[in-house]
Engineer: 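Next up is a structure, given as C-alpha cells.
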Amino acid sequence: MSPTEPEGIRRQSTTRRRRTVRLRTLLIWLAVVPTVAMGTQVTVTAQRLLAQSEKLRSDVAAAEQVGAPLYTLMVDMQAERTATAARWAGSDNSEGELRVRREATDLAAAEFRRLAVDPSRSFSEVTRQLEKLAEYRLRADARSGEADKTLAYYSEVIGKVIQVYQQEFSHAEDAELAQASRPVVSMLQATEMVAREDTVLALAGPSGELTFVGYDQFVSALGAQRYLHEALIVPHLTARDQRFYERVVGSADWQTKTRIESAVLSGHKDIVTGIRLPAEVGGWSSAHANFSVQMTTLNIDLARSVLARGEAKAGELQTEVAWLIGGSAGGLLAVVVVVFFTTRSVLRRLSDLHERTVTVAEETLPDVVARLQRGQSVDPDALPSVTGDRDEVGRISDAFARAVEVSVDGHRRLAAERHGFGLFASGIASRTGNLVSRQLSLTEDLQDTFGHDEALLAELMRADQLTVGMRRQIENLLILAGGEVPDPHTEPMRVADLLREAAAEVEDFRRIERQALDETSVEPSAISQISHLLAELLDNATRFSPPKSKVVIRAELVTDGLSVEIEDRGPRVSPERYEEMNGRLHEAPPYSVLAQNAHRLGLFVVGHLADQLGATVTLRRSVYGGTSAVVILPRHLLVATDPQAPREIEPQPRVLELLPASAPAPAAAVSSVPAVREPAPAPAPERAPEPEPEPEPVVHTSAGLPSRRTKAPVAVAAAVSAPAPALVPVPAPAARPALPERVPQTHIAEQLREPRAQESVVRPDTATPEEVADAWADYEQGTQTVEEELRRDQP
C-alpha cells in the first residue's frame, strides 16, 4: 500500500521552546537595564569630558612650552629666506644680513629641538625638515641650481610649522575653541604670504627685474593673503582684536605695502627676460619691517587668547563632570525606588488576576463546556463578567472575560453544529444507503436475468463491485461522523473468511493474494469493523501500486494478538512521511483536520476504526520497495476456531471468472482464485460416516456460462425438477459444506438498512440449476485443492 493520504496532524516539533522569563525578572531588568545603561553613559561621558579637559590642558602646556619657539623658528626662517634671495640676487650688504639671519635660525631650531620631545605630537616632521637646512645653505652659497628650488625648501619648512599649529592647537573637538583658534592659523598663513611677497621682491635685486615665474608667485601670494584677511581673519576676530587689527591695517606702513602691491600689479613692464618692477618697490623693505612687528604682536595676542580660553574650558569640563556624576547618581536612586514600589504593586495585582484566571480555566470553563456537550443550560453568573476597568490589569481581566464568553459561545455553536451535522450525515447516509441497496438488488436481478450474455454479465459484475465500494464509502461517512458500523454477525468468523470478505470489498480484488497462516476466528461484534478497516487498506494498496502487481495480505498469530500485514509494490515513501502518517493512524485525528483533507479520507477512517477496536496500524517500507501496513488486532477480539465446524466460504459475484464453455473445469478455476494459505485443522475424533450428499446439478445459460444460484431454495428445486437439455454431473468431495450467499444490507450500518421494496413484477429466472451448480463446484474444488496442498506441506 502506498500512503497517499493528505496532511493531517503534524507531529510536534522537536525544537526546544525558548524559556519564558518571569514577569518579576522582567520588571527587575526594567530597572537594572536603564540603570546600567545610564551609568554606562554617564561613565563614558565623564571619561570623554575628562579626556577632553586633559587634552586641553596638554595643548595649553604644549603651546606655552613649544608654541613660542616654534613661532620664533617660523619668523627666523622667513627672514633667512628673504636674506638668501637677496644674496642670490647680489644685493648690497646681503652677505652680512644672511649670516645674522642664519645664526638666529640656528638658535631657534636648537631651542625647538630641545623642547619638542613628545613623541605623540607632530613635531617630528619639522625636525626632519630642519636636518636638510645645511645642505640648502651650501647650495645658496654656491648658487647651485635654481633659486626657486632653494627658496621652496624654506617655504616647505614654514608650511610644516603652520601645519603643526593647525593640527596641535586648533582644538577641532571643541567648537568654541575651534572658532577662536581659526584666526590664529589664518593669521600665520597670511603672514607667510606677505613674507613670500617680501622674498620675491628681494629676489628681484638691484635690477628690479623678475622672471615670469617669480611674478606669478608674487601675484599668488598677494591674492592669498588678501583672501585670508577678508574671509578668514576679519569675520572671526573679537571686538578687542578687531580694534587692534584695524590699527595695524590703518597704519602708514600697511598703506605703503598696499600701494606697492597695487603698483606691481598695474605698473610693471614686460621685458624679454621677464617683468620690470616699478620704482615704488624701493620702499617695501622699511614698510615690511614695521608692519611685520605689529602683525607678530597681533598673532601672539590671538594665540594667548586661545590658550586662556582652553584653560578656562578645561576647568568648565571638570565642573561639568562633577555635576554629571552627582545628578546621575540621584536619578539612578530615584529610578530604583520607583521601580521597586511599582513592581510590588503590579505583581500583587497580577497574582490576584492569575488566581481568578486559573479558577475559571481549570474549574469553571471545563464544567461549562461539559454541560454544553451534554446539552444542558449554562448559568451566565458562573462566568466572569466585564467590569469596565480602565487600567491595564483591569483591561486584561476584561479581555479574559470576553475570551471566555466567546469560547463558551463557540462551544455552544459547535455542539449544536455537531448535533446537526450528525443528523444531517445520518439522513444523507440513510437515503444514499437505500439507493445503494436498491442498486445492489437491481444488479443481482439483472445478473440472474441476463446471465446468458457473457459481456453483459461481466459489466453487471463490475457494476455490482462498484456499488459495494459505494456502500463502503457511505459507511465511511458514518464512521467519520462519530458513529459505529453495527455488526450483523452472530457467529465468529474464521480469519481466512474474514480476509476473503475484506478482499471482496475491493474493486481490483483479483490482484489480492490472501495468506491465513494460523487457524483462528474473530468475535462477531468486531467482524464488520475489522473487515472495513482491512478493505480500506487493501483498496489504497491496489489503487496506488502498479496495475499488474500483486497485493499480499497475510494473517498470523503473534504475542499481542493477530497480525495482519498488507504489502504492496507501490512507489517509495520518505521516512518522514511514514512517521507523519503513523502518528495519524495511532491517534484518531480531530474533525478540524478532516475538514482540511476532505478529498482523501482513507487513513482517517482507518485511524477511527483502529481507535474503536483498540488496534494499532503501522506503515513501513516493504522489502519490495513499496509499503507494508501492519495491523495488530488485540487478543480479546479473537476466539478459538472449532476444528469440526464446517468452513464457510462466502461467495461473491466478484470472484467468479467468466469462463468460456469449452474451458477445462478445475484447473482453470484454481488459477483464477487467489490462494488462501491456512494450516490444517487439528485432528478430530472419528465420527460415524455420514451419507454422501448427492452432487448438485450444474445449470448453464444458453451461452454456456454458469448461472448464478437464486436466493430461494424453492425456486432452485423447481428448476432442478424441470427438464434440462444438458446436465453435466460434477463429482464433489465428501461432506461438501453449503455455499453461503451474499444477502444484501447485512454488512452495512443499521442506519443505512431499510426494508427492500418489493418488485411489482417477479421476473422469471432463466438460469438453470446446472449452470449455477457447475460454476460453484469448480470454484469450491479449486479452493479445497489448494488448502489440501497446504496441509500436506505443513509438518
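Worth saying up front: this structure is predicted, and the values here are computed from it rather than measured. This chain uses plain numbering: 1 for the first residue, then up along the sequence.
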Engineer: Keeping Arg569 on the side-chain end and Ser545 on the backbone end, is there a donor-acceptor pair under 3.5 Å?
Structural biologist: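 No, Arg569 side chain to Ser545 backbone: no donor-acceptor pair under 3.5 Å.
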Engineer: For Asp560, check side-chain hydrogen bond (donor to acceptor under 3.5 Å, both in side chains) against everything at least two apart and list the hits.
Structural biologist: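 side-chain hydrogen bond (donor to acceptor under 3.5 Å, both in side chains) check on Asp560 returns nothing, list empty.
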Engineer: What distance do Gln515 atom CD and Leu499 atom CG have between them, rounded to the nearest 0.5 Å?
Structural biologist: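 Reported to 0.5 Å precision, the distance equals 10.0 Å.
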Engineer: Check side-chain hydrogen bond (donor to acceptor under 3.5 Å, both in side chains) between Thr364 and all other residues, then give those that pass, not counting sequence neighbours.
Structural biologist: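 By the side-chain hydrogen bond (donor to acceptor under 3.5 Å, both in side chains) rule, Thr364 matches no residue at all.
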Engineer: Does Val639 offer a backbone N or O that forms a donor-acceptor pair with the side chain of Thr520 under 3.5 Å?
Structural biologist: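 Side chain of Thr520 to backbone of Val639, a donor-acceptor pair under 3.5 Å: yes, one is there.
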Engineer: First locate atom NZ of Lys550, then atom CZ of Arg510, and finally report the distance between them rounded to the nearest 0.5 Å.
Structural biologist: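 That separation rounds to 10.5 Å.
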Engineer: Please examine the side chains of Glu505 and Asp539, heavy atoms only from C-beta on, and report whether any two atoms are closer than 4.5 Å.
Structural biologist: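 A side-chain contact is absent here, since even the closest heavy-atom pair is not under 4.5 Å.
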Engineer: Quick check: does any side chain N or O of Arg514 sit under 3.5 Å from a backbone N or O of Ala503, one acting as donor and the other as acceptor?
Structural biologist: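 Not at all, since once roles are kept as given, no pair shorter than 3.5 Å links the two residues.
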Engineer: Among all residues two or more places apart in sequence or in another chain, which pass the side chain to side chain contact (heavy atoms under 4.5 Å, CB included) test with Ser622?
Structural biologist: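 By the side chain to side chain contact (heavy atoms under 4.5 Å, CB included) rule, Ser622 matches Glu567, Tyr624, Ser628.
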Engineer: CG/Leu533 to NE2/His608 distance, rounded to the nearest 0.5 angstrom?
Structural biologist: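 So the CG of Leu533 and the NE2 of His608 are separated by 12.5 Å.
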Engineer: How long is the straight-line distance from CD of Glu507 back to OG1 of Thr467, given to the nearest 0.5 Å?
Structural biologist: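 Separation between the atoms: 10.5 Å.
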Engineer: So, the side chain of Arg511 versus the backbone of Ser549: is there a donor-acceptor pair under 3.5 Å, distance only?
Structural biologist: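 Answer holds: yes.
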